[in-house]
Amino acid sequence: MKTTIKRLIEEALEKAKIKGELTLATVPDVVVESPKDEKHGDFSTTVAMALARAERKNPRQIAETLCRYLENGDGLIGSAEVAGPGYINLKMTHRFFLDRLKSVAKEGETYGCVDSGRGLKVILEFVSANPTGPLHVGHGRGAAVGDVLGRILKKAGYDVSTEYYINDVGNQMNGLGRSTWIRYLQLMGKEIEFPKDLYRGDYINDVAREIISMEGDRFLGKAEEEVLPFFRRFATDNILAGIRKDLDDFGVKFDQWFSEQSLYDDQSVDRAMEWLKEKDFIYEKDGAVWLKSSAFQDDQDRVIVKATGERTYFCSDIAYHQNKINRGFKKLINLWGADHHGYVPRMKAVLEAMGYDRDLFKVLLVQFVTLVREGEKVSMSTRSGEFETLADVVKEVGVDATRYFFLMRSSDSHLDFDLEIAKKETPENPVFYIQYAHARICSIFRTAEEKGMTLPKGGDVDLEPLQEEEAFVLIKKILAFPAVVDRSAAMLEVHRIPHYLHDLVAVFHAYYAKHRVVTEDRPLTQARLFLMMCLRQAVANGLDIMGISAPGKM
RNA sequence: GCCCCCGUAGCUCAGCAGGAUAGAGCAACGGAUUCCUAAUCCGUAGGUCAGGCGUUCGAGUCGCCUCGGGGGCACCA
């Protein structure tokens with residue numbers, strides 16, 4: 001909508017230039033805003049103030065010139081006025097808004113889509129939790145934010161691919177295998193102390209029990225080295241399957257699951273190291289191999305091969321991100337927990353060393369989640385193996401509320417997740433407020449149908465009967481949806497969607513309280529039903545982006 | 001010590017690439033239902049935007065400093 005306004009203003013600028021009233025040596029970026037105070041009209045622009053210096057004219061004078069050209073429009077602009085230091089306030093005609101409302105109905109499920117992405121190939125990697133235990137709430141926030149960000153980017157015209165990177169290599173896998181092996185022995189009656197540095201979560205016992213039920217005692221008496229590969233493999237597969245199920249139950253699907261091991265299997269890691277070596281970006285010191293990341297804005301150089309000969313996580317990450325680029329992705333977005341922020345500079349460093357623009361790689365740091373139960377913060381200690389899993393929270397409060405709560409805050413803010421509020425089916429809970437609105441709209445359509453008041457096929461309705469102010473407040477809000485999607489995509493900020501929906505729906509509830517949709521007046525009823533149809537589409541599309549259900553009845 | 005995030009109403013948080021008189025939800029208080037779902041609506045009250053300095057026509061927003069909260073500074077992932 002704003003781009004339409006922007007175009008109108010640019011046309012006015014052009015006309016003023018042709019007539020010689022403005023020089024326009026530099027073409028300004030026309031900023032269109034929606035004034036907070038409706039007295040200031042529907043839209044305003046600061047372009048006159050921005051031009052003041054270059055034109056060597058009083059901003060109000062420039063604004064007045066522009067207003068003359070703007071008012072000579074095509075019946076879309078109702079009035080153009082100069083205000084304050086040089087704002088231009090535009091008031092649009094009813095026709096302007098009603099025309100646009102018609103297109104909402106036409107667009108249907110695709111309403112809200114924009115094309116700012118222009119098909120840019122983007123890879124969005126998130127969660128990527130190590131397969132050493134079930135997902136906890138922190139992963140859940142990452143999963144929800146990543147999933148929804150993916151949907152937003154798709155709506156905004158990006159060619160998005162979502163990916164889960166499986167760290168199935170390294171010491172942790174051995175630790176997982178050993179943990180399972182020891183639990184197995186304990187369950188089989190052996191008196192063995194459980195080492196401190198292993199995974200002590202109860203889920204390990206579940207895995208061990210499953211091995212017992214499938215394989216019985218056939219591992220008893222064997223040496224650890226002999227059985228470890230089996231235990232390691234079994235535990236990894238088992239836990240990974242659990243992670244997949246948790247994500248699936250949470251409505252999160254990935255386009256790819258990418259194995260770290262595969263990068264070793266196909267020599268990608270070796271090739272990447274070879275390349276860096278040729279370029280003289282790596283050197284040996286103290287028996288280890290280092291990357292000269294400090295030459296590219298990192299604090300220090302980083303080890304990629306330990307003195308033991310093992311390669312670090314960072315080492316395979318180099319190959320992994322190179323692989324992403326080789327697959328044709330032009331933008332690499334990663335979602336990491338806030339605790340990984342120190343890792344960003346080295347990743348940017350290596351990409352820059354490889355000759356890529358360091359800005360093609362973008363990391364979104366998602367801050368921590370604190371669960372609050374009955375006003376008390378729930379302590380989360382991973383060491384003890386006792387923590388709130390994503391699956392438990394979903395089970396307790398449901399998918400819709402869980403997703404909403406994870407999405408409602410800016411991801412660089414800490415999140416207090418109040419379980420009691422999330423569970424409530426009262427107005428305290430914002431999810432229900434929005435879903436209720438959708439159900440209410442559906443209810444209006446049921447009533448309309450009962451009274452034989454349906455919309456004609458093709459949506460050819462005369463909207464002129466819509467005159468009340470509240471209708472236009474609502475229409476304007478509905479029409480803002482694509483801009484919200486656009487901005488969410490540009491800023492990589494998912495919380496804008498739930499905020500917008502809450503706003504939108506509040507305007508609807510107010511309208512509902514004041515105006516009856518289904519009346520004896522057929523033309524009016526049809527016009528209002530049409531408005532409701534567009535509104536429902538916007539609400540449904542918004543909820544769809546968040547992966548939250550839009551119930552027809554509550 | 002260095003780096004990242006946060007600090008806005010009693011609580012939880014928005015604040016749109018610097019714009020007009022700083023907003024919402026919850027909590028508090030007072031109202032609204034012959035009629036499409038009261039899971040709703042309307043109204044009242046509530047603020048030194050942590051503090052200071054600076055940048056400019058204009059700063060909650062940008063820069064620097066101080067204070068407070070969280071996180072990170074591995075040959076761990």
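All figures in this text were calculated on a predicted structure; none of them were measured in a lab. Proteins come first, then strands; the chains are lettered A, B, ... in the order of their sequence lines, and each starts at number 1. Just the heavy atoms: all of them, side chains too, but no hydrogens, waters or symmetry mates, feed the values below.
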> Where along residues 516-530 of chain A does a heavy atom come under 4.0 Å from RNA chain B, residue by residue in number order?
Replying inline: R516(A), V517(A), V518(A)
> On a whole-Å scale, what distance lies between the P atoms belonging to G54(B) and G60(B)?
Replying inline: 15 Å
>> Assuming nearest nucleotide by heavy-atom distance, tell me which of N130(A) and A83(A) is located more 5' along RNA chain B.
In response: A83(A)
>> Could you check whether E468(A) pairs with R528(A) (Lys NZ or Arg NE/NH1/NH2 to Asp/Glu carboxylate O, under 4.0 Å)?
In response: yes
> If pairs are Watson-Crick or G-U with both distances under 3.5 Å, what is the dot-bracket string of RNA chain B, marking crossing pairs with [ ] and pairs to another strand with |?
Replying inline: (((((((..((((.....[...)))).(((((.......))))).....(((((..]....))))))))))))....
>> Which nucleotide wins on minimum distance to the side chain of Q172(A), given the candidates A24(B), A77(B), C3(B)?
In response: A77(B)
>> Taking only the C1' atom of each, what is the distance from C53(B) to A59(B) in whole angstrom?
In response: 13 Å
> Hey, is H40(A) stacking on A20(B)? Ring centres under 5.5 Å, planes under 30°.
Replying inline: yes
> Whole Å only: how far is the OH atom of Y343(A) from the C1' atom of A77(B)?
Replying inline: 8 Å
> Distance between the C1' atoms of G25(B) and G68(B), in whole angstroms?
Replying inline: 26 Å
> What about H341(A): does its side chain form a donor-acceptor pair under 3.5 Å with the base of C3(B)?
Replying inline: yes
>> Using 30° and 60° as the class boundaries, would you call the ring planes of F281(A) and F296(A) parallel, tilted or perpendicular?
In response: perpendicular
> Considering only C5(B), U40(B), A77(B), which nucleotide approaches the side chain of H340(A) most closely?
Replying inline: A77(B)
> Looking at residues at least two apart in the chain, or sitting in another chain, which of them share a side chain to side chain contact (heavy atoms under 4.5 Å, CB included) with K514(A)?
Replying inline: E470(A)
Could you list all N or O pairs between the protein and nucleotides 12-16 of chain B that sit under 3.5 Å apart?
unit_1 : atom_1 : unit_2  : atom_2 : d
U12(B) : O2'    : R409(A) : NH2    : 2.9
C13(B) : OP1    : H414(A) : O      : 3.2
C13(B) : O2'    : R409(A) : NH1    : 2.7
A14(B) : OP1    : S410(A) : N      : 3.0
G15(B) : OP1    : H495(A) : NE2    : 3.2
C16(B) : O3'    : R487(A) : NE     : 2.4
C16(B) : O3'    : R487(A) : NH1    : 3.0
C16(B) : O3'    : R487(A) : NH2    : 2.2
C16(B) : O2'    : R487(A) : NE     : 3.0

Show every donor-acceptor pair shorter than 3.5 Å between a side-chain atom in residues 491-503 of chain A and any protein atom, with sequence neighbours excluded, or say none if there are none.
unit_1  : atom_1 : unit_2  : atom_2 : d
E493(A) : OE1    : R496(A) : NE     : 2.7
E493(A) : OE1    : R496(A) : NH2    : 2.6
H499(A) : NE2    : M408(A) : O      : 3.2
Y500(A) : OH     : K477(A) : O      : 2.7
Y500(A) : OH     : I478(A) : O      : 3.4
D503(A) : OD2    : K477(A) : NZ     : 3.3

> Mind checking the P distance from A45(B) to G23(B)? Whole angstroms is fine.
Replying inline: 14 Å
>> For F258(A) together with Y320(A), are the ring centres under 6.0 Å from each other?
In response: yes
>> Under 4.0 Å between a side-chain nitrogen and a carboxylate oxygen: does that hold for D270(A) and R311(A)?
In response: yes
> D503(A) or G287(A): which one's nearest nucleotide on RNA chain B is closer to the 5' end?
Replying inline: D503(A)
>> Using 30° and 60° as the class boundaries, would you call the ring planes of Y343(A) and H340(A) parallel, tilted or perpendicular?
In response: perpendicular
>> Counting only side-chain nitrogens and oxygens, does Y433(A) get under 4.0 Å of the OP1 or OP2 atom of C41(B)?
In response: yes
> For the side chain of A510(A), counting heavy atoms from C-beta on, which of C3(B), C41(B), A38(B) is nearest?
Replying inline: C41(B)
>> From CG of D286(A) over to P of C75(B), roughly how many Å is that when rounded to an integer?
In response: 10 Å
Expected rows: protein N/O vs nucleotides 32-34 of chain B N/O, under 3.5 Å:
none

> What distance, rounded to whole Å, do you find between the two P atoms, one in G70(B) and one in A24(B)?
Replying inline: 31 Å
